[in-house]
Amino acid sequence: MSKILVLGSCGQIGTELVLALRQKFGNENVVAADLRDEYPDILNNGAYVKLDALDRPAVRSYIIDEQIKEVYLLAALLSAKAEKNPDFAWKLNMEGLFTILDLAKEGHINKIFWPSSIAVFGPTTPADYTPQHTIMEPSTVYGISKQAGERWCEYYHNKFGVDVRSIRYPGLISYKSLPGGGTTDYAVEIFYKAKAEGKFTSFLSAGTTLPMMFMDDAIRGTLELMAAPAEKIKIRSAYNLAGCSFTPAELADEIQQYLPEFEIDYAPDFRQAIADSWPNSIDDSNAQKDWGWKAHFDTKALVKVMLDNVTA
Ligand code: NAD
Ligand code: AKB
């Protein structure tokens with residue numbers, strides 16, 4: 001079994017992805033890496049290494065010396081944080097990717113997963129049932145970095161045969177680790193506030209529809225994409241993937257089915273403009289056709305599992 005590295009492993013996706021990869025491939029074969037000194041307790045079933053995705057020589061030596069053959073590169077600044085720090089967001093979101101793509105080009109790595117986002121779409125993109133191939137004029141630094149990343153992934157595949165695979169994740173909803181500074185984070189915070197305080201102030205307006213997905217679906221989709229035979233992966237930029245879509249008001253209604261006293265109000269901030277530039281829903285028929293993708297969690301199922309697991 002060749003070794004797998006998850007770089008950016010202590011965040012919302014990484015924590016659950018490391019656990020899922022260890023369950024599938026064995027604890028000893030999956031190394032969690034992150035910038036942080038401390039890692040979450042739930043990752044203590046396997047190796048952890050402190051590694052800065054921007055330290056190209058360190059990342060290269062680790063991957064070559066340890067004979068890592070598969071890399072999941074998750075280190076990035078998400079949409080809201082990136083708007084506050086555009087220069088650094090561009091640097092982090094692009095330079096780490098080149099380090100990994102180059103290692104694959106040189107033959108050190110066999111396979112890469114690098115996540116894209118619905119942020120690659122922009123205000124001129126058709127917002128409903130957004131197609132795989134469509135107008136893409138992102139208006140956020142995060143979206144621009146993800147779109148550029150997609151182009152580079154496809155380029156390295158076409159020019160150098162690099163086996164890189166990617167998904168345009170929607171907003172991810174989870175209870176094992178907290179989100180890290182995105183526009184869709186409200187849809188996780190709402191559950192904690194509902195349980196703890198019985199009320200929540202949304203930073204997006206009542207009617208803002210966004211594509212979302214429960215984390216179990218996202219992790220399963222990622223493992224399925226990575227396990228698919230290379231010839232089935234027809235898209236080397238990133239696949240559209242859909243879970244469900246809802247507004248803050250619809251999410252609150254669903255929570256009120258379980259917590260009738262729950263109250264929501266609205267105080268949109270700078271994240272509203274980001275959300276307004278993103279799609280309402282996603283057409284993922286290419287992922288369905290190419291490698292058999294199918295979401296399992298709709299809004300109702302997601303709300304139930306979140307309320308069952310989030311503690312005040
Ligand atoms: P997160 O912010 O929760 O986690 C990112 C992790 O990367 C953190 O643990 C952080 O410490 C680490 N990190 C930051 N800089 C680093 C560096 N220089 N070196 C090593 N580690 C570093 O993010 P996430 O939600 O887990 O997202 C992971 C990836 O998935 C990102 O590329 C993000 O753009 C993408 N994505 C996430 C979502 C979502 O809803 N969570 C949706 C679409 C795409
Ligand atoms: C964000 O809101 O920035 C992320 C994403 C959809 O990429 N959750």
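Quick note: numbers below take in every heavy atom, side chains included, and nothing from hydrogens, waters or symmetry partners.
For the pair Lys84 and Phe270, the cation sits on the ring face: its NZ or CZ lies under 6.0 Å from the ring centre, inside 45° of the axis. Because its NZ or CZ atom is both nearer than 6.0 Å to the ring centre of Phe203 and within 45° of the ring axis, Arg271 counts as a cation-pi partner of that residue.
Side chain of Arg220 to main chain of Lys294: a donor-acceptor pair is present (N/O by atom type, distance under 3.5 Å, no hydrogens or angles). In this structure, the side chain of Gln257 engages the main chain of Asp253 through a donor-acceptor pair within 3.5 Å. With hydrogens and angles disregarded, no donor-acceptor distance shorter than 3.5 Å links the side chain of Lys105 to the backbone of Tyr156. Of the possible polar contacts, none joining the Asn110 side chain to the Glu70 backbone as a donor-acceptor pair under 3.5 Å is found. Proximity of a side-chain donor or acceptor of Thr134 to a complementary backbone N or O of Pro131 within less than 3.5 Å is not detected. A distance-only check finds no donor-acceptor pair linking the side chain of Tyr192 to the backbone of Val188 [under 3.5 Å]. Side chain of Ser79 to main chain of Thr183: a donor-acceptor pair is present (N/O by atom type, distance under 3.5 Å, no hydrogens or angles). Arg236 places a side-chain N or O within 3.5 Å of a backbone atom of Val164 that can act as its donor or acceptor partner. Formation of a donor-acceptor pair under 3.5 Å by the Glu150 side chain with backbone atoms of Val120 is not found in this model. A distance-only check finds a donor-acceptor pair linking the side chain of Asp284 to the backbone of Ala242 [under 3.5 Å].
Partners of Lys24 according to the side-chain contact (heavy atoms from CB on, under 4.5 Å) rule, which considers only residues two or more places apart in sequence or in another chain, are Leu223, Ala227. Residues that satisfy the salt bridge (Lys or Arg N to Asp or Glu O under 4.0 Å) test with Glu254, not counting sequence neighbours, are Lys300. Phe25 is linked by a ring pair (Phe, Tyr, Trp, His ring centres under 6.0 Å) to nothing, counting only residues two or more places apart in sequence or in another chain. The side-chain contact (heavy atoms from CB on, under 4.5 Å) search around Thr299 returns Cys244, Phe246, Val303, not counting sequence neighbours.
Open room surrounds CD on Glu263; 12 or fewer heavy atoms of other groups in view lie less than 6.0 Å from it. More than 12 non-hydrogen atoms from other residues, nucleotides or ligands lie less than 6.0 angstrom from CD of Glu231. The local environment of NZ in Lys69 is crowded, with over 12 non-hydrogen atoms from other residues, nucleotides or ligands closer than 6.0 Å.
Side-chain contact between Ile282 and Phe121 is present, with heavy atoms from C-beta onward closer than 4.5 Å. With a 4.5 Å cut-off on side-chain heavy atoms, His133 and Ile235 count as touching. At least one side-chain heavy atom of Val162 sits under 4.5 Å from a side-chain heavy atom of Leu101. Residues Ile100 and Tyr72 are not in side-chain contact: their nearest non-hydrogen atoms beyond the backbone lie 4.5 Å or more apart. Taking 4.5 Å as the limit, every side-chain heavy atom of Lys195 sits out of range of all side-chain heavy atoms of Met306. Glu137 is not listed as a side-chain neighbour of Pro123, based on a closest heavy-atom distance of 4.5 Å or more. In this structure, the side chains of Leu77 and Tyr142 stay at 4.5 Å or more apart for every pair of heavy atoms. Considering only heavy atoms from C-beta on, Phe214 stays 4.5 Å or farther from Ile219 through its side chain.
No chain of hydrophobic side-chain contacts below 4.5 Å, direct or via other Ile, Leu, Val, Met, Phe, Trp or Tyr residues, connects Leu225 to Val71. No path of Ile, Leu, Val, Met, Phe, Trp and Tyr side chains, each step under 4.5 Å between heavy atoms, connects Tyr48 with Ile68, placing them in separate hydrophobic clusters. Leu74 and Met226 fall within a single hydrophobic cluster, where Ile, Leu, Val, Met, Phe, Trp and Tyr are joined by side-chain heavy atoms under 4.5 Å apart, directly or via other members. By the rule that hydrophobic residues join a cluster once side-chain heavy atoms approach within less than 4.5 Å of another member, Trp114 and Met136 end up as members of separate clusters.
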_Val305 vs Phe297, test: side-chain contact (heavy atoms from CB on, under 4.5 Å). Steps then yes/no._
CA-CA 10 Å; Val305 71; Phe297 285 81; 4.1 Å; yes
*From CA spacing to verdict: side-chain contact (heavy atoms from CB on, under 4.5 Å), Thr124, Ile135*: CA-CA 7 Å; Thr124 52; Ile135 302 165; 3.3 Å; yes
*Worked verdict on Lys91 versus Asp87 for salt bridge (charged side-chain N to carboxylate O under 4.0 Å, His left out)*: CA-CA 6 Å; Lys91 185 177 169 66; Asp87 294 353; over 6 Å; no
_For a side-chain contact (heavy atoms from CB on, under 4.5 Å) check, start with the C-alpha distance between Phe200 and Tyr266, then their side-chain angles and the critical distance, and finish with the verdict._
CA-CA 8 Å; Phe200 176 67; Tyr266 303 92; over 6 Å; no
*How far apart are the C-alpha atoms of Glu83 and Val141, what are their side-chain angles, what is the distance that settles it, and do they pass the side-chain contact (heavy atoms from CB on, under 4.5 Å) test?*
CA-CA 6 Å; Glu83 286 308 299; Val141 64; 3.4 Å; yes
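By the 30° and 60° cut-offs, the orientation of the rings of Tyr155 relative to Phe160 is perpendicular. Classified by interplanar angle (parallel below 30°, tilted 30° to 60°, perpendicular above 60°), the ring pair Trp293/Trp291 is tilted.
In this structure, Asp52 and Val59 approach most closely via the heavy-atom pair O-CG2, 3.3 Å. In this structure, Ile118 and Pro170 approach most closely via the heavy-atom pair CG2-CA, 3.9 Å. Summarising the geometry of Ile264 relative to Pro248, their closest heavy-atom pair is CD1-O, 4.0 Å, with the distance given to 0.1 Å. Here the closest non-hydrogen pair linking Ala238 and Ser166 is CB-OG, 3.3 Å. Heavy atoms only, all atoms of each residue included: Asp217 and His296 are closest at OD2-N, 2.9 Å.
No donor-acceptor contact under 3.5 angstrom links the side chains of Asn280 and Thr209, judged on distance only. The closest side-chain donor-acceptor pair between Tyr258 and Gln256, if any, does not fall under 3.5 angstrom. Between the side chains of Thr222 and Tyr169, at least one donor N or O sits under 3.5 Å from an acceptor N or O. Of the N and O atoms on the side chains of Tyr39 and Asn44, not one donor lies less than 3.5 Å from an acceptor on the other residue.
Distance check: Arg151 CZ to Lys146 NZ gives 14.5 Å after rounding to the nearest 0.5 Å. To the nearest 0.5 Å, atoms CZ (Phe191) and CG (Leu307) are separated by 5.5 Å.
In this structure, Asp102 pairs ionically with Arg56, as a charged nitrogen and a carboxylate oxygen lie closer than 4.0 Å.
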Just list the side-chain donor-acceptor pairs under 3.5 Å for residues 2-23, sequence neighbours left out, or say none.
from, atom 1, to, atom 2, distance (Å)
Lys3, NZ, Glu66, OE1, 3.3
Ser9, OG, Ala33, N, 3.1
Ser9, OG, Ala33, O, 2.9
Gln12, NE2, Leu172, O, 2.9
Gln12, NE2, Ser174, OG, 3.0
Thr15, OG1, Gly11, O, 2.5
Arg22, NE, Val30, O, 3.1
Arg22, NH1, Leu43, O, 2.9
Arg22, NH1, Asn45, OD1, 2.6
Arg22, NH2, Val30, O, 3.1
Arg22, NH2, Ala47, O, 2.8

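Aromatic ring centres of Trp152 and Phe98: separated by under 6.0 Å.
Sorted by first and then second residue, the salt bridge (Lys or Arg N to Asp or Glu O under 4.0 Å) pairs involving residues 30-46 (not counting sequence neighbours) are Asp34-Arg36, Asp37-Lys50.
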